[in-house]
There are 2 protein chains.
Amino acid sequence: MTHDTESTPDLTRNQALVFGALSGAEGPLSAYTILDQLRDDGLRAPLQVYRALDKLVEFGLVHRLESLNAFVACNHPAGDAPGESHGTVAFAICEECGGVTEFAEQDVVKRLQGWARTEGFHATSTVIELRGLCESCAPA
Amino acid sequence: MTHDTESTPDLTRNQALVFGALSGAEGPLSAYTILDQLRDDGLRAPLQVYRALDKLVEFGLVHRLESLNAFVACNHPAGDAPGESHGTVAFAICEECGGVTEFAEQDVVKRLQGWARTEGFHATSTVIELRGLCESCAPA
DNA sequence: TGATGAAATGTTATGTCATAACGTTTGAGG
DNA sequence: CCTCAAACGTTATGACATAACATTTCATCA
Ligand SMILES: [Zn+2]
Ligand SMILES: [Zn+2]
Ligand SMILES: [Zn+2]
Ligand SMILES: [Zn+2]
């Protein structure tokens, strides 16, 4: 163990492999794509990848993109570092180049929390994903 | 054809069957659940359901819940009627009872549009889904 | 140090969601 | 009628995710 009060935990071998694959990728990867990339490192079965992903998501190092059924390494918008327990974030996903931008809009989060409060809804997680074209890919 | 300028189109047999199943349901249904419910009506294959769903979503009569891989009949928050071309809406999904509430928060949409504008991102669709417990299911 | 229990791992099989590819039917408009 | 686009039917396949069970790892502590 490497002490720590509440920072990023030590990763196991499989977790480190999966996190490495996601960190090195340009865009989101599916669990099976990750698996294919890690065959040479000894991974054989989807469950090995899914188990690592579950933990990485729990640690806040990786995010799942619900509208893509895929995963990306956390790329925190300026401010705190990845892995720091962070609140609700949003993603903009380019359908042309596959690029994903992670961003935080506190006003959006506050508004949704406001709605939840007035409705008595107790949110445990919030998904915000924009689909479209990024600046580079949008027509002039 | 029944004329119309831009209202809800006539549904084909399969579309009507699928829409009926969703309208009668208490919560979201997966395509395969819909299929099972419509076997007696002659539906045999997933594609028959998926094709109908594609159209119903296009018409704005049905929404796909990305975080559930399931579908719900549009249940517009007070204002205009289902099927009226409507903008971005959000969903609150209860993990206990399965209930789904569709709501519109114009400020949220505006704020996300603002972000997109400043980043040059051209959004074509937006997913907003809260997961948690509805008022009835939340602990006292 | 050696028992022990929680967490991680390995492996096989299965379940669930979605689409490719192809041919046929339907029906409005010319 | 003819034609063409849209909807339909069917089989096969691809893509995403988990159940179930046996084994290993390793920090903790008697
Ligand atoms: Zn993040
Ligand atoms: Zn792009
Ligand atoms: Zn709606
Ligand atoms: Zn509920």
Side-chain angles (χ1 to χ4, degrees), chain A residues 1-4 8-22 25 27-59 61-72 93 95 98 127 129 131, chain B residues 1-4 8-19 21-22 27-59 61-72 93 95 98 127 129 131:
Chain A
M1 181 181 175
T2 359
H3 55 75
D4 280 329
T8 102
D10 295 321
L11 299 184
T12 65
R13 169 176 166 77
N14 288 357
Q15 287 161 16
L17 285 169
V18 170
F19 185 59
L22 283 172
L29 300 178
S30 77
Y32 279 74
T33 301
I34 294 170
L35 176 57
D36 287 342
Q37 290 188 9
L38 297 176
R39 298 255 181 217
D40 294 344
D41 296 290
L43 291 212
R44 300 295 170 120
L47 211 46
Q48 295 177 285
V49 175
Y50 280 110
R51 289 202 274 230
L53 286 169
D54 283 348
K55 283 299 181 183
L56 292 168
V57 168
E58 180 185 324
F59 298 156
L61 295 173
V62 164
H63 298 290
R64 174 183 170 80
L65 299 176
E66 296 292 345
S67 68
L68 243 37
N69 292 335
F71 302 83
V72 285
I93 302 165
E95 322 225 59
V127 175
E129 299 176 15
R131 308 291 303 266
Chain B
M1 181 183 176
T2 359
H3 55 74
D4 280 330
T8 102
D10 294 321
L11 299 183
T12 67
R13 170 178 164 78
N14 287 358
Q15 287 162 15
L17 285 169
V18 169
F19 185 58
L22 284 171
L29 300 178
S30 77
Y32 279 74
T33 301
I34 294 169
L35 176 56
D36 286 342
Q37 290 188 10
L38 296 176
R39 298 254 182 219
D40 293 344
D41 296 291
L43 293 211
R44 300 293 168 125
L47 251 192
Q48 296 178 283
V49 175
Y50 280 110
R51 289 202 275 229
L53 286 169
D54 284 347
K55 283 299 181 183
L56 292 169
V57 168
E58 181 185 325
F59 298 155
L61 295 173
V62 164
H63 298 291
R64 174 184 170 81
L65 300 176
E66 296 292 345
S67 68
L68 243 35
N69 294 333
F71 302 83
V72 285
I93 302 166
E95 321 226 60
V127 175
E129 297 176 15
R131 308 291 303 266

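So that the names make sense, note that chain A is the first sequence line, chain B the second, and so on, each numbered from 1.
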Asks: Name all residues meeting the side chain to side chain donor-acceptor pair (under 3.5 Å) criterion together with A/Gln48; count only those two or more places apart in sequence or in a different chain, and write none if there are none.
Replies: none

Asks: So B/Glu58 and B/Asp54, side-chain contact (heavy atoms from CB on, under 4.5 Å) or not? Walk me through it.
Replies: CA-CA 6 Å; B/Glu58 181 185 325; B/Asp54 284 347; 5.9 Å; no

Asks: Could you state the CG-C1' distance from A/Asp36 to D/dA15, rounded to the nearest angstrom?
Replies: 12 Å

Asks: Look at the side chain of B/Arg131 and the backbone N and O of B/Ser67, then say whether any donor-acceptor pair between them is shorter than 3.5 Å.
Replies: yes

Asks: Output side-chain donor-acceptor pairs under 3.5 Å for residues 36-45 of chain B, partner residues at least two apart or in another chain, one line each.
Replies:
unit_1  : atom_1 : unit_2  : atom_2 : d
B/Arg39 : NH1    : B/Arg44 : O      : 3.1

Asks: Just how far, in rounded Å, is C1' of D/dA6 from CG of B/Leu11?
Replies: 15 Å

Asks: Roughly how many Å is it from CD1 in A/Ile34 to P in D/dA15, rounded to a whole number?
Replies: 16 Å

Asks: Do side-chain atoms of A/Glu129 reach the backbone of A/Glu66 as a donor and acceptor pair under 3.5 angstrom?
Replies: yes

Asks: Which letters describe nucleotides 7-18 of chain C, given B = protein heavy atom under 4.0 Å from base, S = only from sugar-phosphate, - = neither?
Replies: -SBBBB----BB

